[in-house]
Amino acid sequence: NIYIVSKGNVDDEFQGGTIKKGLGTLITYTNLIGDGTCMSTAKTTADSLLYSLNLKILKDLMNKNPDFEFKIYINSIGNY
């Protein structure tokens, strides 16, 4: 599953820094876990609401709608 920040903010804390994630940002299992090891911790910094979405459903939506796929792509790189 992936998580979409619908309200509030999330800090993705990792060794060496923090990435602030806000409205519309995606958080995936692979953001947090790599090679079976915890790589970061996601913490809400305000009253937040996240939606969980099955990754297969998201991929299907992206395949059917190139504009949506582009927005997901841009959002995924906009926070690094």
Side-chain angles (χ1 to χ4, degrees):
N1 284 1
I2 63 161
Y3 301 91
I4 302 168
V5 178
S6 178
K7 175 184 172 190
N9 297 294
V10 175
D11 282 351
D12 191 3
E13 300 174 348
F14 57 95
Q15 186 176 7
T18 299
I19 298 173
K20 298 203 177 289
K21 299 187 174 196
L23 183 64
T25 304
L26 303 177
I27 301 172
T28 66
Y29 181 77
T30 55
N31 285 110
L32 305 174
I33 307 293
D35 296 329
T37 306
C38 179
M39 296 178 61
S40 69
T41 301
K43 296 180 180 178
T44 61
T45 58
D47 187 20
S48 300
L49 176 64
L50 281 70
Y51 288 104
S52 175
L53 182 63
N54 180 282
L55 190 55
K56 181 182 179 331
I57 293 170
L58 179 66
K59 286 180 180 180
D60 289 345
L61 289 171
M62 290 170 63
N63 287 334
K64 292 177 183 176
N65 187 330
D67 290 336
F68 178 70
E69 179 179 19
F70 181 74
K71 286 180 182 179
I72 295 293
Y73 172 74
I74 291 299
N75 191 337
S76 71
I77 63 172
N79 296 297
Y80 296 100

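Start at 1 with the first residue, then count along the sequence. Only a predicted model underlies this, so the values are computations on that prediction, with no experimental measurement involved.
Lys21 and Asp11 are not joined by a salt bridge, as no carboxylate oxygen comes within less than 4.0 angstrom of a charged side-chain nitrogen. Taking the charged nitrogens against the carboxylate oxygens, Asp60 and Lys64 have no contact shorter than 4.0 Å, which rules out a salt bridge.
Under the 3.5 Å distance criterion, the side-chain polar atoms of Ser48 are matched with a main-chain donor or acceptor of Asn9.
In this structure, Ile2 and Leu58 have side chains that are in contact, with non-hydrogen atoms separated by less than 4.5 Å. Taking 4.5 Å as the limit, some side-chain heavy atom of Ile19 sits within range of a side-chain heavy atom of Phe14. Considering only heavy atoms from C-beta on, Ile27 stays 4.5 Å or farther from Asp12 through its side chain.
The side chain to side chain contact (heavy atoms under 4.5 Å, CB included) with Lys7 is formed by just one residue from the set Asp47, Leu23, Thr44; it is Asp47.
In terms of heavy atoms, Ala42 sits closest to Val10 at CB-CG1, 3.8 Å. Here the closest heavy-atom approach between residue Gly8 and residue Ala46 is recorded as CA-CB, 4.5 Å. Of all the heavy atoms in Asn1 and Ser52, the pair that sits closest is ND2-OG, 3.0 Å.
Crowding of Tyr51 atom OH: a count of heavy atoms from other residues, nucleotides or ligands under 6.0 Å not exceeding 12.
For the atom pair CG of Leu55 and CE of Met62, the computed distance is 9.0 Å after rounding to the nearest 0.5 Å. With rounding to the nearest 0.5 Å, the separation of OG1 in Thr18 from CD in Glu13 is 4.5 Å.
Under the 4.5 Å side-chain heavy-atom criterion for Ile, Leu, Val, Met, Phe, Trp and Tyr, Tyr3 and Leu49 are members of distinct hydrophobic clusters.
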